[in-house]
Enquirer: 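My questions all concern the structure below.
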Amino acid sequence: MQSLIGNLLSNAIKHTEGDGPIRITIDHDRLEISNPGDAELEDAERIFRRFYRKNERSKPGSGLGLAIVQKICEVLQYNVTYHFAENRHFFRIIFN
């Protein structure tokens, strides 16, 4: 769980411009981390692939963080999703 949450938080911090608030919501059946953004990710269906980066000049990183999150969720039989609403990126973990 430390790696799962750490990767999601690191990603949110890295991709938040300025002092935008990062929100963490925990409930009995889910964890949600969201950060502000201007637009939905163009390749949202690819963000959980290993080594995926938007482009070579994107923020520093290996492109492994979200792939690790997805694999942890797979092993623990959780469901991870991404969506964009109200100028925020939402990553949600559903505990099955």
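Position 1 is the first residue of the sequence; numbering continues from there. The shown structure was predicted, so the numbers you read here are calculated from the model rather than taken from an experiment.
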Enquirer: Drop me the distance from Asn35's CG to Arg23's CZ, to the nearest 0.5 angstrom.
Expert: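 These two atoms lie 10.5 Å from each other.
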Enquirer: For the residue pair Pro36 and Gly20, what are the closest heavy atoms and their distance?
Expert: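 Heavy-atom minimum between the residues: CG-CA, 3.7 Å.
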Enquirer: Is it true that Val75 and Tyr78 fall in one hydrophobic cluster, defined by side-chain heavy atoms closer than 4.5 Å?
Expert: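 Result: no, two separate clusters.
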Enquirer: What pairs with Ile24 under side-chain contact (heavy atoms from CB on, under 4.5 Å), at least two apart in sequence or on another chain?
Expert: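 In terms of side-chain contact (heavy atoms from CB on, under 4.5 Å), with neighbours along the sequence ignored, Ile24 is linked to Leu9, Ile26, Leu31, Ile33.
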Enquirer: So which heavy atom on His28 is nearest to which on Phe95, and how close?
Expert: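 In terms of heavy atoms, the two residues are closest at O-CD1, 4.0 Å.
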Enquirer: With sequence neighbours excluded, give me every salt bridge (Lys or Arg N to Asp or Glu O under 4.0 Å) pair touching residues 72-82.
Expert: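 Applying salt bridge (Lys or Arg N to Asp or Glu O under 4.0 Å) to every pair that reaches into residues 72-82, excluding sequence neighbours, yields Lys71-Glu74.
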Enquirer: At what distance, to the nearest 0.5 angstrom, does CG of Leu8 lie from CG of Leu66?
Expert: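 Leu8 CG to Leu66 CG: 6.5 Å, rounded to 0.5 Å.
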Enquirer: Identify, with sequence neighbours excluded, every residue that meets side-chain hydrogen bond (donor to acceptor under 3.5 Å, both in side chains) alongside Arg30.
Expert: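 Here no residue qualifies.
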Enquirer: Does Asn11 form a side chain to side chain contact (heavy atoms under 4.5 Å, CB included) with Val69? I'd like the steps, not just the answer.
Expert: CA-CA 11 Å; Asn11 197 55; Val69 166; over 6 Å; no
Enquirer: Is the side chain of Ser10 donor-acceptor paired with the backbone N or O of Gly6 at a distance under 3.5 Å, no angle test?
Expert: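 No; judged by distance alone, with no hydrogens or angles, the pair does not exist.
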Enquirer: Please round to the nearest 0.5 Å and tell me the distance separating atom OG of Ser3 and atom CD1 of Ile72.
Expert: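 Result: 5.0 Å between the selected atoms.
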Enquirer: More than 12 heavy atoms of other residues, nucleotides or ligands under 6.0 Å from CG of Asn96: is that the case?
Expert: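 For Asn96, atom CG is crowded (more than 12 foreign heavy atoms under 6.0 Å).
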Enquirer: Run the side-chain donor-acceptor check on residues 87-94: report pairs under 3.5 Å with partners two or more places apart or on a different chain.
Expert:
| unit_1 | atom_1 | unit_2 | atom_2 | d |
| --- | --- | --- | --- | --- |
| Arg88 | NE | Ser34 | OG | 3.1 |
| Arg88 | NH1 | Pro21 | O | 3.4 |
| Arg88 | NH2 | Pro21 | O | 2.8 |
| Arg88 | NH2 | Ser34 | O | 3.0 |
| Arg88 | NH2 | Ser34 | OG | 3.1 |
| His89 | ND1 | Tyr82 | OH | 2.8 |
| Arg92 | NE | Glu32 | OE2 | 2.8 |
| Arg92 | NH2 | Glu32 | OE2 | 2.4 |

